[in-house]
Amino acid sequence: MELLTPGIGLIFWMTIIFLIVLLILGKWGWPVLIKGMKKREEDIRNSLNAAEKAREEMKKLKTDNESLLLEAKKERDELLKDAKKVKEQIIEQAKEQANLEADKIIVQARENIQAEKRQAMEELKNQISLFSIEIAEKILKNELSDKQKSEKIISEELENIKFK
């Protein structure tokens, strides 16, 4: 039963040892433990504050990114719209220029055709004149033996041809 009821000397020495341990812990142990706990608490608080700041900054960056993205989309849309306008203007100018060139080519072709037609008519007239002269000469040679009379007829006929 000694274990259940300790002696007075044992309680006395246990109390003194307990007070000494309590004094040593109070003087050197607990302040270090409390200081470490406060430091750890401060570190945790600082970490939580830093995490909160980081979260807020991330939200701000996210909103900034979204606004930048929207702005970039608007700029892209404007650039595409401007590019489409420029493309349409270039196509319209090319059509107008092609029409002008086609008109010039048509006018030039008509002029060439008219010039060639006049030239062909002149050549035809010259050929007909030459053939007529040759035919008339042959006919007149056969009919007229007089050279003066035949030259007179030829010159009269040439005058008639030139006036037509």
Could you tell me whether [X] atom [atom1] has more than 12 heavy atoms of other residues or ligands within 6.0 Å of it?
X   : atom1 : value
I8  : CD1   : no
E57 : CD    : no
E52 : CD    : yes
R76 : CZ    : yes

Would you compute the distance between atom [atom1] of [X] and atom [atom2] of [Y] and round it to the nearest 0.5 angstrom?
X    : Y    : atom1 : atom2 : answer
M58  : L61  : CE    : CG    : 6.5 Å
E96  : N99  : CD    : CG    : 8.0 Å
Q127 : E123 : CD    : CD    : 7.5 Å
E78  : K74  : CD    : NZ    : 8.5 Å
L22  : W30  : CG    : CH2   : 4.5 Å
I44  : N49  : CD1   : CG    : 12.0 Å

key: Pairwise side-chain contact, R118 with E122, heavy-atom cut-off 4.5 Å (strictly under)   =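 No; the side chains remain at least 4.5 Å from each other.
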key: Any K73 side-chain heavy atom under 4.5 Å of L69 side chain   =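 Result yes, sub-4.5 Å side-chain heavy-atom pair found.
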task = Please answer: with hydrophobic residues joined when any side-chain heavy atoms are less than 4.5 Å apart, are L25 and I16 in the same cluster?
result =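 They do not share one cluster, since no chain of ILVMFWY contacts under 4.5 Å joins L25 to I16.
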M14-I24 co-clustered via ILVMFWY side chain contacts under 4.5 Å =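 Looking at the clustering, I24 is in a separate group from M14.
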key: D77 with K81: basic N within carboxylate O range, under 4.0 Å   =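 Between K81 and D77 there is no salt bridge, as every charged N stays at least 4.0 Å from the carboxylate O atoms.
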inquiry  = Taking side-chain hydrogen bond (donor to acceptor under 3.5 Å, both in side chains) as the definition, give me every residue that meets it alongside E41, ordered by chain and number, with sequence neighbours left out.
reply    =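 E41 satisfies side-chain hydrogen bond (donor to acceptor under 3.5 Å, both in side chains) with R45 only.
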request  = List in chain and number order the residues that pass side-chain hydrogen bond (donor to acceptor under 3.5 Å, both in side chains) with Q108, two or more places apart in sequence or in another chain; answer none if no residue qualifies.
outcome  =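 side-chain hydrogen bond (donor to acceptor under 3.5 Å, both in side chains) check on Q108 returns nothing, list empty.
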task = Report the C-alpha separation of D64 and K60 in whole Å, then their side-chain angles, then the decisive distance to 0.1 Å, and conclude whether the side chain to side chain contact (heavy atoms under 4.5 Å, CB included) test is met.
result = CA-CA 6 Å; D64 289 348; K60 182 180 177 186; 3.9 Å; yes
key: Of T15, I17, V21, the residue whose pairing with L19 passes side chain to side chain contact (heavy atoms under 4.5 Å, CB included)   =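 Answer to the side chain to side chain contact (heavy atoms under 4.5 Å, CB included) test with L19 among T15, I17, V21: T15.
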